Amino acid sequence: MIWWLRKQWLRLKLYAAENYQNEAESLIIWYAVSYALGAAFYFAFPWELSTWVIVGYLEAVLLLLWLTKRKDGQFKLLTYVLVFLLGLCVTKADALHRAKSIENNLPEINYLRGKVKVLDYNSNNRPRILLTDVNNFEKELKGEYRISLNYSEPWLKPGVCVELVAKLPHGFTPNPLSNYKMDRANFYKGISGTGYTIGPMFQIECPKAETRIGDKIEQVRTYIKNLIDEKSKNKEAGAIAKALTIGDRSTISQKLNEDYRTSGLAHFLSISGMHMSIIALLVFFLVRICLFPIGEGRYDLRKPAAGVSILFMLIYFLISGQSVSCVRAFVMTTMVLIGVMFNRRAISLRMWAFAVLVVVTITPEAVVSPGFLMSFAAVLGLVSFYEKYALQIHQWFDKRNLWGKLGSYIVGLLLTDLVASLMTLPYSMYYFNQISVYTSLGNLLAGPIIGFWVMPCLLLFLISLPFGWGEYGLKPFEKGIEVINNITAWVTELPGSKTGEGVGFLPDWGILILTLGLLWLCIWQAKWRVWGIAGIIIGLMSLYFSPRADFVFDKYGSTYAYKNHQGKLVASRYHKNKFLEKMWTGQKTKGKYKVHEKDALTCDKESCTYAERIKFSKGKVEFDGKEIALKAGGFINLQNGIYYYYPETGRLWNKQTKQ
C-alpha cells in the first residue's frame, strides 16, 4: 500500500512538472491573483486583524525568502505568499487611513451645518442629500453625512449650504439574506453617518473656500442631471439616460430595475467596459475620418486617434461617478489605446492582471464588491476564450459572404454573451440570489440597438453639451433607450422569465472554491487547466449545502417575513421596519395587510403561526414549541433549523458610533 501511494505521488509530481514547464507566461498573472486574494482575506473575518500580527507574518516570510534563495521552487512559492501579504498590508493600511476621516461617538440627534455635495433620491423616492464640510456649531465633523428629507425645496441643489436637525441611528440594520455590508460600504465612501431630518431645513450662506476640482466635476454632473430632468419627455428613459451619463441610478424605478435584471440587461445600467470601449471606438474612428483628407498615406492616423480617445474617455470617466467597474474599464481600455500608439498588442491576460493590481491598490474594498468580481470575471473569460479561439473564429468569419458575415455577427454576439454570462453567473447567485433565464435573448435583441443607436447617441449628447445643444442631442438618445426599455419589458413577460429568482445563495466557501476553479481554468495554458472544472463543480454543488430561508426575523422581533405558496418571501403583519421588509421581499406592503388563502400562515389577535411550527408575535419567536433568541436577526429553514446573522462588531467600520 505504501509503495502504491509513493508511486501515485511520483506520478502526480511528474504530471505537475510537465505542465509547469509550459506556464512561464501564466505565472506572472498569478501574482495579481495573490495580491487580490490578500486584499480579500482582510474582509474574511468578523474581527479586525492586528497590525502587528500582519507585520509579523510579513517579516517571517521575508526571512524564509532569504533562507530559501537557492531553492528555486520554494523561493517562487514564497514570493506568491509575500505578494498575498502585501495585498493584505495595503488593505489594512488603507482601512486605518480611512478610519481617521470618520467621526466617532456621535449622538443620535445632531444639529448639522454643511454644504450639499450630492442631491439624489432614496429607495422610497424621497430626496436625499450628501453633506460635506460639516460642523455642529461645536466643532468641525469628519466625513460626510447622507440625510434623507421629508420633502425637497426649490432652492435645494448641490453647492448650497444648509442647516438641519437630523437623527443618525446608531448601527445598521443587518440583512441575513444578503452578502452586502452597508456599514462597510459607507465606511469606504467616507460617510460618518446616515439618517433623516426631524425638522425643517434652512439655507445658509456658505463660508468662503477654495474651489476644488471635485466641486467643478460635481457642477458638470449636476448640470447634466438637471438638463435631463427638464428636457426628458419620458421619465423612465430619462432615468436610464442619467445612469449612462453620470452614473446616477437613484431615479430608476424598482420595476424598471427588475425588468433589466430579469432580461439579463442589468449590466447596461452600470457604466463599465462595454460603454467605455464603444465610446472609445466611436471617437477613434470619428477622429480618423476627420483627419483622413490631410493625413492618410503620410501619417499613421491611429496614433492621434488613440490619444484623442483616451482624452475623451478621461472626461467621460470623471463625470460618470467613477465606480469600480468604470475604473477597471478605463484602465483596460486606456492600455489598449496605448498599445495602439506604440504598436503593441494590449488585449491579453497580462493587461487584465495589471488592471487588477491598479484597481485593488486604489480601492482595496472593491475586491469583495459585486461590480469588481462580475466585471473582472467577464473580462477574464472573454480574454481567455478569444486568446485560444480567436484565430479559428477569424478564419471562419473571413470565408463568409455578406449574409454569412451578418449571421456570424449574431453568432459572435451570442457567443460573447454566453461566455460573459457563464463567468458572472456564480456572483449573481452569491450577491443577488438570482439568475437571468433569457439573458442571451435579451442581449441578442438589445445588443445591436445599444451598439448602433444608443451609444452613438450618447456620444452625440456628450459632444453637444459644451455648445449648449444638449436638448437636441438628448432626443435621439432618449428614443433609443425607450426601445431598450420595451425590449426588457417584453422579455420579462415571457413564460418562465422569473424562474431564476430565489435560486439560493452560494456560501462563502463555495464562491471561493468556484472562483479559484475559474481562475485555474482561464489562466493556465497547459492541459492541467481542465482541473479547474472540478473546482467550479464543487463550488456550484455548495449551493445545495446552503439553506434557504423559510422564515426571517430581525433582532428586535418587530419585522418578520415568510415564504408564501409561490416560494417567495412576503411580509407578515409584523412589518415595522419598512427598509428591511423591502430588502427581504423586494416590495413594501400597501393598503390593508392580507394573508393569501394558500399560504401556510394562520393568525389570531395575539400571534401568528407559520407551517404549524413557527409561532411569532411582537418581540417573540417560538420554533417547534421552544422560544428562540433573536440575537442580531437571522432566518429559519424548516428542515435544517435556525441560522443567525453574525455582525462584524469588531471591525473598523463598526466603531463609528456608540452602541
Side-chain angles (χ1 to χ4, degrees), residues 43-47 108 123-124 167-187 193-196 368 430-433 502 504-508 546-564 567-589 593 601 603 607-611 613-651 653-659:
F43 300 101
F45 301 99
W47 61 84
E108 193 168 79
S123 58
N124 297 323
K167 184 175 182 179
L168 306 177
H170 291 169
F172 291 86
T173 304
N175 181 11
L177 302 184
S178 173
N179 289 299
Y180 180 74
K181 311 291 183 183
M182 187 178 297
D183 46 359
R184 184 170 70 196
N186 283 345
F187 173 82
T194 61
Y196 52 89
V368 289
Y430 179 70
Y431 282 102
F432 308 118
N433 189 24
F505 287 104
L506 286 171
D508 292 342
S546 179
R548 303 183 185 184
D550 294 317
F551 178 83
V552 195
F553 55 92
D554 72 339
K555 63 180 179 180
Y556 301 112
S558 63
T559 306
Y560 306 106
Y562 65 93
K563 189 175 289 185
N564 67 3
K568 296 182 179 181
L569 284 174
V570 295
S572 73
R573 75 179 185 188
Y574 302 97
H575 52 274
K576 181 179 179 180
N577 192 323
K578 302 295 184 182
F579 179 71
L580 263 185
E581 179 189 350
K582 188 171 183 178
M583 283 200 296
W584 293 348
T585 67
Q587 58 187 355
K588 292 184 179 180
T589 302
Y593 175 77
L601 184 75
C603 293
S607 63
C608 292
T609 303
Y610 176 66
R613 296 181 63 186
I614 302 173
K615 184 178 180 181
F616 59 97
S617 58
K618 187 175 180 180
K620 184 179 179 180
V621 177
E622 294 181 6
F623 181 46
D624 288 338
K626 296 180 180 179
E627 184 176 352
I628 66 172
L630 299 179
K631 296 185 178 181
F635 65 89
I636 297 175
N637 179 275
L638 293 175
Q639 293 183 345
N640 300 310
I642 308 166
Y643 294 84
Y644 287 107
Y645 171 83
Y646 293 99
E648 300 174 315
T649 54
R651 303 312 299 262
W653 41 86
N654 275 306
K655 297 180 180 179
Q656 301 176 37
T657 55
K658 290 180 179 178
Q659 299 296 323

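Numbering starts at 1 and runs along the sequence shown. The structure displayed is predicted, hence computed values, not measured ones.
For the pair Val552/Tyr645, no side-chain contact is recorded, criterion being any heavy-atom separation below 4.5 Å from C-beta on. Side-chain contact between Arg184 and Val368 is present, with heavy atoms from C-beta onward closer than 4.5 Å.
In plain terms, the two heavy atoms of Lys563 and Ala549 that are nearest each other are CE-O, 3.3 Å. Minimum interatomic distance between Ala629 and Tyr644 (heavy atoms only, all atoms of both residues): O-OH, 2.5 Å. Of all heavy-atom pairs between Cys608 and Leu601, the closest is CB-CD1, 4.1 Å.
Across Phe551, Phe553, Trp584, a single residue satisfies ring-ring contact (aromatic ring centres under 6.0 Å, His included) together with Tyr560, and that is Phe551.
Under the rule for a side chain to side chain donor-acceptor pair (under 3.5 Å), the partners of Arg613 that lie at least two apart in sequence or sit in another chain are Asp624. Listed by chain and number, the residues in a salt bridge (Lys or Arg N to Asp or Glu O under 4.0 Å) with Lys167 are Glu108 (sequence neighbours excluded). Listed by chain and residue number, Tyr562 satisfy the ring-ring contact (aromatic ring centres under 6.0 Å, His included) test with Tyr610 (two or more places apart in sequence, or in another chain). For Lys620, the side chain to side chain donor-acceptor pair (under 3.5 Å) partners are Glu622, not counting sequence neighbours. With sequence neighbours excluded, no residue forms a side chain to side chain donor-acceptor pair (under 3.5 Å) with Ser607.
From Glu627, atom CD reaches atom NZ of Lys615 across 11.0 Å, with rounding to the nearest 0.5 Å. Here the straight-line distance linking atom CZ of Arg573 with atom CZ of Phe616 works out to 8.0 Å at 0.5 Å rounding. Phe43 contributes atom CZ, which lies 7.5 Å from atom CZ of Arg651 (distance to the nearest 0.5 angstrom).
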For residues 631-642, which side-chain N or O atoms pair as donor and acceptor with protein atoms under 3.5 Å away, sequence neighbours left out?
{"from": "Asn637", "atom 1": "OD1", "to": "Gln639", "atom 2": "N", "distance (Å)": "3.0"}
{"from": "Asn637", "atom 1": "OD1", "to": "Asn640", "atom 2": "N", "distance (Å)": "2.9"}
{"from": "Asn637", "atom 1": "OD1", "to": "Asn640", "atom 2": "ND2", "distance (Å)": "3.3"}
{"from": "Asn637", "atom 1": "ND2", "to": "Arg548", "atom 2": "O", "distance (Å)": "2.7"}

